[in-house]
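Taking it in order: structure first as structure tokens, then the write-up.
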Amino acid sequence: MKIGCVVGARPNYMKIAPLLNALKKYPDIEIRLIHTGQHYDDSMSRAFFDDLDLPRPDDYLGVGSGSHAVQTAHVMTGFETVCLNRRFDRVVVAGDVNSTLACALAAAKLNIPVAHLEAGLRSFDRRMPEELNRILTDAVSDLLFVSEPSGMVNLRREGRVGPGVFLIGNIMIDTLSANLTRAISLDLHTRMGYETRKYGLLTMHRPDNVDTDADLSHLLAVLCEISLEIPLIYPVHPRAAFRVKRILNSSVVSAEHRIRVTDPLSYLDNLCLMAHARIVLTDSGGIQEETTHLNIPCLTLRPNTERPITVEKGTNTIVGKDPEKIRTAVRQVMNGTYKTGDPIDMWDGRTADRCARLIVTHTMAAM
Ligand code: UD1
């Protein structure tokens, strides 16, 4: 049995790493790792391979950046060639980035069955490229692995019921659980001059937040104000770095702000800063889940979430770009009245084993 596992961008690595380890336990399976190269900077790719001990990819497509159509098309043509050469019995994709959809579609058109990790999540906001990637990837996948109950409801609503749809838990939490002790002991925050729970972590890279001066200035103005209450560390995605630095050095924001900009962090460094933080402000999807698991307050700088369990049971609050909502939630965190979260079913560090078993059984049955 030949299984091709795909990574392409930063949020993919921590989802595929535990699956590779779980699949290795099955004899007679040939596993191949394909990296599309959607993310290519060392800080967005190699640092994660090192931290997570991922093997060197068997195939590297080197697609790089481009418009959505260009990037998706390059991944599709590159991955089609890999599929034709490697003759996979199964392709596994994760999450919602352009590489996820492109590889799922290329494989499905060659009649190779596709498994989608993190299926069924929906923000119901089709202006987000990730939402289209999720809907379309689910549509061409025969195995759908779901991380939270809302995903099962969404898939049922879309007519995807019965064999092939499984609530298995959150595979990214496997990686978090396996690495937490190591990450905490790095004490990066202390080395940066911060005490535990006396700083916040900020991540913001969505086009909606960072791609225009108007949106980014609006958000940075309120975040600078928050930073006077609690200093913020902001590891900046390359797409936003230039604009963020320019605005933070301009008169648009208060000169006394305490936002510290850094390069993007590796997996362990980011986990270390997250685990010791008092609060996390983010527009990432995965960080909403990681903070819920760590029971750290998370304010989501987006109008919606495709991960509602983090709001219903976890530590997440959707604040969007509304300064008043951001200020209120920060005040609650600072005065100790912010909600605490409950553990989420099946986010137990054993999702990869459940997933690997289902992949092997169903792929065998289809051969
Ligand atoms: C992608 C995902 C997004 C995810 C994010 C995590 C899509 C549609 N979006 O967004 O869901 O949250 O990854 O990081 O797939 N760039 C670099 N170096 C890199 C990669 C990108 O400088 O290694 C810059 C380039 O200017 C590039 C821009 O970032 O044009 C955007 O990269 P892209 O992969 O298209 O989307 P992300 O914003 O990274």
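Whatever order the structure lists them in is the order used to number ligands and atoms, beginning at 1.
Taking only non-hydrogen atoms, the option from Arg239, Gln71, His39 nearest to atom 39 (O) of ligand 1 is His39. Closest to atom 8 (C) of ligand 1 by heavy atom, among Asn98, Asp41, Val70, is Asn98.
Remark: Arg278 CZ to Tyr338 OH distance equals 13.0 Å, nearest 0.5 Å. Rounded to the nearest 0.5 Å, atoms CG (Asn12) and OG1 (Thr100) are 5.0 Å apart.
Looking at Arg10 and Asp41, no side-chain N of the basic residue comes within less than 4.0 Å of a carboxylate O on the acidic one, giving no salt bridge. Under 4.0 Å is where a charged nitrogen must lie from a carboxylate oxygen, and between Glu30 and Arg32 at least one such pair does.
The shortest N or O to N or O distance between Asn133 and ligand 1 is not under 3.5 Å.
Annotation: side chain of Phe166 is not in contact with side chain of Arg354 (no heavy-atom distance under 4.5 Å).
Remark: ligand 1 atoms within the under-4.0 Å shell around heavy atoms of Pro238 are 17 (C), 18 (N), 22 (O). Taking every non-hydrogen atom of His68 and a distance limit under 4.0 Å, the qualifying atoms of ligand 1 come out as 8 (C). For ligand 1 and Ser65, the ligand atoms under 4.0 Å from any heavy atom of the residue are 25 (C), 27 (C), 30 (O). Which parts of ligand 1 touch His237 is read off a 4.0 Å heavy-atom cut-off, strictly below it: atoms 14 (O), 29 (O), 37 (P), 38 (O), 39 (O). Ligand-side atoms of ligand 1 in range of Glu130: 2 (C), 3 (C), 9 (N), 11 (O), range being under 4.0 angstrom from any heavy atom.
In terms of protein heavy-atom proximity, atom 16 (N) of ligand 1 is closest to Tyr40 OH, 3.6 Å. Scanning the protein heavy atoms around atom 4 (C) of ligand 1, the nearest turns out to be His205 NE2, 3.8 Å. Closest to atom 2 (C) of ligand 1 among all protein heavy atoms lies Val97 CG1, 3.6 Å. With respect to atom 34 (O) of ligand 1, the closest heavy atom belonging to the protein is Gln38 NE2, 3.0 Å.
Side-chain contact of Glu289 with Asn170: a donor-acceptor pair under 3.5 Å is present, judged by distance alone.
Below 30°, between 30° and 60°, or above 60°: for His237 and His205 the angle between ring planes is below 30°, a parallel geometry. Relative ring orientation between His276 and His189 is described as parallel, the plane-to-plane angle staying below 30° on a 0-90° scale split at 30° and 60°.
Counting heavy atoms under 4.0 Å from ligand 1, residue Pro11 touches it through the side chain alone.
A continuous path of hydrophobic side-chain contacts links Leu176 to Ile168 [ILVMFWY only; heavy atoms under 4.5 Å].
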